[in-house]
Structures are given as structure tokens and as C-alpha cells.
Amino acid sequence: MNNFDLRIEKLREKLPSDTALLVTDDISRRYFSGFASSAGYMYISKNTCVLALDFRYFEKAKIARNYGKTAKDMRIVEANVSRKDIVCALLAEDKTTRLLYENCRTTCKAFESLKNDFSAVAELVPAENMIELLRAQKDDHELSRIVEAQRITDLGFDHIRRFIKRGMTETEIALELEFFMRKNGASGLAFNTICVSGAKSSMPHGEPDETVVSDGFLTLDFGARFDGYCSDMTRTLCVGKPTAEMMKIYDTVLAAQEAAFSKIHGGVCGKEVDSAARDLIYDAGYKGCFGHSTGHSLGLEIHECPNFSPREESKIPVGAVLSVEPGIYIEGKCGVRIEDIVFLTENGYKNLTNSTKDIIIV
Ligand SMILES: [Mn+2]
């Protein structure tokens, strides 16, 4: 049994005996099968696991399985007849009439197609967040990929902090960072790089453009992708000498991150971590200047559940990987965000980000 087989086994523990799951989402399918494709589906029941792929992926998947890169206890079939025919035959074999579907990841149109295909033979049951709950706890295979993605990201920061000069454009800096990470092993980006300077740093999700970098903060929020897994980090640098007010903002964000860290351990309630950071920022006089959550889970997707947010009532499990990214944003003026990613353990956490947080003055 490899990691993918174990994920399928964990899912089976949650599946009622008379129920099968139809996995249609690209990410969910990759999570259980180990194979990435832009189309296809999986049928998983207590006794059966089938991955159906079209001609474009069939040969590639067979090779991947021969190299041990996919689940072993899984049949790979070529989808050369309709999904309806293949899945109805599997349902009949299993004598199952309840089919779970990914209601959180199904469009209205795709749901119509599910109804057309299966409502005559099975009851369609929403899976709700069953898969997402499993994905919240990363296994060693996943953790090693996130660690490697973050290693490349840290390397990228070490490079770019020396590269940045007054007079460059934001786009120029973002491109250099992205090219460097690709050259150093990233298979792609986890998300579009944020590189915002001066007054634009007040926009948490501002985009790099032809703005020329001059005096003020410069926020870089970026991440490499490695074998499908994301990393995520933010550092705010200062171009020119920071004013006393700028240093106060920077130090407050740093202290807020420390306050969040002090609460983190496996089983902590998500909103408890958020309020540690948020209260510190508000108490320092920046109420209304921190309008996003303190952190989010990440893995195959850059934003996963659960979160460190004011609305997160659930307990964050051991094995979860989340960002810790408080910020202060003063509209029209400036902004600071500092972000690391952490792996939750029984008694605390391990910080997976290794870059310095001392203010860097360019
Ligand atoms: Mn983030």
C-alpha cells in the first residue's frame, strides 16, 4: 500500500457500506489516484476503485502506475464508452444504489448530466466536505512536496532581495523571481506573483505592473509549485529608509504573527489563532486595517480548508499546513504583510518557511 492507497482506505472508512463515491473534480481525482489529468473520473466503493481516463491520458497513467506513482489498488480503464455505461455497470456489480457526488465542486450543468446519467439507477447523495476534511491532514508524501516547494520559494526570496533596485518595474522583479524559481526546480507557480510597491502595497492582492519601484514598502507574495503542491510566502521590504510610522506598522505585523504562532497546535480552534493576531493589530491602533483572515490551508490548491479566520469554529487537526499572514493596510498610503507556512503538530507547529523577517532595506 502506498500513500494513495492509504488515502482511498481512509475514504472507505467514511463510506457507508451501500454507497459509492464518484470523483469528478480534477484535484480530488489527483489526490486519490496520484495521477493528474484535466478530465476523467474515479469510482470508489468498499471493494472497487476505478480510474477512467480518455485516450490522451491512458498510456501516461499506465506508465505512472508501473513506476509506483499512482494508487496500486486501482483499475485504470480507458473511457471509450460513456460514463453512464461504465459507472452503471460498477454500481450493478456492487449492488449499490447510493452514489455520492462532489456537490461542492460540481457546476449546475455537470449536475444535470449526473442526474441524466444516474437518477434512474441510483440516489445522488451530496458528499459535502468529506474529501476536503481528509485533505486537511497532509501525509508524509504531501508534506515532503510542500517542504520542497517552500525550499525553492525561500531560495527565490534570497535571490530576489539582492536583485531588487530602485528604478526597476514591479513586472521586471516578478518575472525575475518566477524565472529563478523555475530554473531551481519549481514545476510552476502556486499562484500569480504579487509584487506591489509604494502606495500600491496597501492592496493585499494588487498586481505587478509597469509601476517603477521607488521609496516605500515593497510587498512580495509568491510561491513555487512542486509536484502539484503549493508553497506560499510574503515578505515586505523597504526601499529607502523607513519612517518611524512605517517601522511601527512593520513591527506590529511581526508581533501579530508571533501572537498567532503562540496559539498554534494541533486541535486549536481556527478563530482563536486569528483573534490573537487581530486583537494585537487592532489594539495597536490599526482597527479596520486588517481585512482578511490570518491564514489558510494549502496543499494541492493554494487555498484549502480549514482557515485561521474569525469565522472558523472548527478545530485544526494535527498534520494541517496553514499560512500565518497578518497584515496592516492603510488605503492610498502603504501596507505590510508577513507570511510563513506552518505544519501543525500535537504540541505546536513546525515553521516551514526559513527566510528572515528582519526588515530588509534596499
Ligand atoms: Mn497566503
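Position 1 is the first residue of the sequence, and the numbers go up from there. Source: prediction; values computed, not measured. In listed order, ligands and their atoms are each counted from 1.
If you look at His292 and Tyr329, their ring centroids are closer than 6.0 Å.
Listed by chain and residue number, Arg151, Ile152, Phe226 satisfy the side-chain contact (heavy atoms from CB on, under 4.5 Å) test with Glu148 (two or more places apart in sequence, or in another chain). Qualifying side-chain contact (heavy atoms from CB on, under 4.5 Å) partners for His265, counting only residues two or more places apart in sequence or in other chains: Val268. Take Phe32 and apply the ring-ring contact (aromatic ring centres under 6.0 Å, His included) test, not counting sequence neighbours, and it matches no residue.
Between Tyr57 and Phe35, the ring planes are perpendicular. Angles over 60° get that label, and only those under 30° would be called parallel.
For a distance threshold of 2.8 Å, the protein N, O or S atoms nearer than that to the Mn ion (ligand 1), listed by chain and number, are Asp232 OD2, His296 NE2, Glu325 OE2, Glu339 OE2.
In the displayed structure, Lys14 atom NZ is contacted under 6.0 Å by more than 12 heavy atoms of other residues, nucleotides or ligands.
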